[in-house]
2 protein chains.
Amino acid sequence: MSKKPSLKDIAQRLGVSTALVSYVLNNKKENRIGKEIATRIRQVASELNYQPNRMAQGLKTNRTRTLGLIVADIANPFSAALARAVEDEAEQQGYTVIFGSSDENPAKCSQLIDTLLNRQVDGLLIAPPAGMEAKLTALQQQRTPFVLLDRYYPSLHTSYVALNNYQAMYHAVEHLLSSGYHRIGLVTFDTTLFHMAERGRGYLTALRDHELPTRKSWLKAVDPCNAAIETAKAIRELTTGAHPVDAVVFASNMLTLAGLQQLIRLHVRVPDELAVVGFDETDAYGLFYAPPTYIQQPVSEMSQQATRILLDMLDAPDRIMQVNLPANLIVQVSSLPQSAVHG
Amino acid sequence: MSKKPSLKDIAQRLGVSTALVSYVLNNKKENRIGKEIATRIRQVASELNYQPNRMAQGLKTNRTRTLGLIVADIANPFSAALARAVEDEAEQQGYTVIFGSSDENPAKCSQLIDTLLNRQVDGLLIAPPAGMEAKLTALQQQRTPFVLLDRYYPSLHTSYVALNNYQAMYHAVEHLLSSGYHRIGLVTFDTTLFHMAERGRGYLTALRDHELPTRKSWLKAVDPCNAAIETAKAIRELTTGAHPVDAVVFASNMLTLAGLQQLIRLHVRVPDELAVVGFDETDAYGLFYAPPTYIQQPVSEMSQQATRILLDMLDAPDRIMQVNLPANLIVQVSSLPQSAVHG
């Protein structure tokens, strides 16, 4: 990259000392120097499009008013919505956000953490992939301020803001039950991530608490790397065979989309032949012929709280805050009571 | 932020000089010092989770292998897809990407440019909002390497990679014409952004070249800040009244989604009563009862080319490359030939 205009360039242009230029541009009190020369210095700085080197400044002040955000997969609308909400909150607080996407890859996530810290962000918001425990522990030992967002590890004592995933799923199953559905399947991911495990636990516990039948074949855990195809297969199996379900809950937005597309392909009518509860909000739901009931995450509140907790931690990195937020169940046509569907 | 482990901490732990630690960790040749002590230094650095201060290093080497990306609105799936594709390409080239979102706000975009440059990114990829000409001109004068992505300003001589928007829209109108539709409306944004203007020009020129009727009331330019409501109103006006259209083209993904939702609400049957051509790909299209024909942007190719051009410019910032890529028209049910629809 070519040379940027420096304090020296401005000083030479005006025939004054570099120290004087620095003095003026660093906004120190000007009563000790002439107003006219201060104005001229600012003018020339603006003409040359002079940019103070914040990195060099950062080395001195140790605060850059920049936050780093690492999302799980920026191409996922949930990640994008989180990023947008974090930005809005940070902007209100006078902070700029720079972000990266780990693509659910722990090595990439670690590298992004290092990249952002080396760029002197004041702190980090991280929606971590599986397998980040060691790196996060090291960050904590260094007293780097960070807040986990959307996901966390029960084995680590870190700040986080996440959904109460267990309760969200438990409530969704209870809703189906009260709408008259009793053979309820779940399509989730095959992963060690705690937040997905909690969704599975909510489903199973709700079934057991209400003495509903459970079957191994009704809990489909698909490979995240092959989700569309495996979800299509799961839907086919859940809706046919000796023990078909009368309702399906999906544990993520991508699974919901893949599932609804397969139901269109198989001509399974929702909710007449199958009730559906989706996860997360997406623009797509508005185009499905039977607007789906779904578990809505409080994305704005989640992002706001995480940002605020992080800003508090900049002064007190050992102050651990853990927040589990409740979900909303948005009830629409896809889970109409059986009585309404079948008269 | 608390103190990070420094070279001095490592030196003190081992009772050696800071200079020796720096010498070893900066990967200089080790033949002048003992292998054993070099190994011990690396060990302690790893135990303490020592991170070299790349900012300080950046001041020396002027290359950080980091690229900055500024998208228009990270909550828009098109922006998210671009970001993901840039990341994939940069990773292949050994670069890390950090990004920000301007929310179509030129002041925020300028601030992000400064933030990223102050964090010593090697160069920038920018999908700029309206009103960025002065800032971009200043960047060019400083010889900062940047490539515009998706959007550009015809008045500026900068590198860019964008869609041939004029051609894309022209081709979509010709497709509708050859499918038997002759009263064709357009829903676009009311904006000064050149890429949107080009879509409008493509629509009007295609109609004129084929001597199709044009009407002012068939070209709806909606306010980007109130797009959902104004699109709904536009669709109502286009499908009713004295001069209803028989086909509508949308100039963006968000407009397509809002339009399809309104068609569902109004019970306008696609393609029987109205043919539709959308813009961009989204997961949502798969849930609409009549899979929509749409103009597909080559997102991967666009991102790849822009990233490669930027990497070339790191060595030669004055080497301007301008690329207009062709769109694909993905033909589906929503624009079936009139003869097929009406027998």
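Letters go in sequence order (proteins before strands), and every chain restarts at 1. Owing to the predicted nature of the structure, the values given are computational and were not obtained by experimental measurement. Reckoned from all heavy atoms, side chains included, excluding hydrogens, waters and symmetry mates.
Under the side-chain contact (heavy atoms from CB on, under 4.5 Å) test applied with B:Leu287, the options A:Thr256, A:Thr282, A:Leu260, A:Asp283 reduce to a single match, A:Leu260.
Atoms CZ and CD1, from B:Phe288 and A:Ile264 in turn, are 10.5 Å apart once rounded to the nearest 0.5 Å. Distance CZ/A:Phe99 to CG/B:Leu69: 8.5 Å, rounded to 0.5 Å. If you take CG on A:Asn105 and CD on B:Glu91, they are separated by 7.0 Å, rounding to the nearest 0.5 Å.
Put simply, of B:Ile70, B:Val97, B:Ile98, the one with the most heavy-atom pairs under 4.5 Å next to chain A is B:Ile98. The candidate from A:Ala138, A:Ser101, A:Gly286, A:Ala81 with the greatest count of non-hydrogen atom pairs under 4.5 Å with chain B is A:Ser101. Your options are A:Asp103, A:Leu116, A:Leu263, and the one with the most heavy-atom pairs under 4.5 Å with chain B is A:Asp103.
For A:Asn76, no part lies near chain B; criterion is any non-hydrogen pair under 4.5 Å. For B:Asp315, no part sits under 4.5 Å from any heavy atom of chain A, backbone or side chain. Looking at A:Gln141, there are no atoms closer than 4.5 Å to chain B (heavy atoms on both sides), in backbone or side chain. Using a 4.5 Å cut-off between heavy atoms, A:Met313 makes no contact with chain B at all.
Enclosure of atom CZ in A:Arg265 by more than 12 non-hydrogen atoms of other residues, nucleotides or ligands within 6.0 angstrom is indicated.
Nearest heavy atom pair, residue B:Ala80 against residue A:Ala75, reads CB-CA, 4.2 Å.
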Before giving the answer on side chain to side chain contact (heavy atoms under 4.5 Å, CB included), spell out for A:Glu87 and B:Lys108 the whole-Å C-alpha distance, their side-chain angles and the decisive distance to 0.1 Å.
CA-CA 11 Å; A:Glu87 275 223 307; B:Lys108 195 167 175 195; 3.3 Å; yes
Evaluate B:Thr66 against A:Arg119 for side chain to side chain donor-acceptor pair (under 3.5 Å), listing each step before the verdict.
CA-CA 10 Å; B:Thr66 309; A:Arg119 297 295 170 286; 2.5 Å; yes
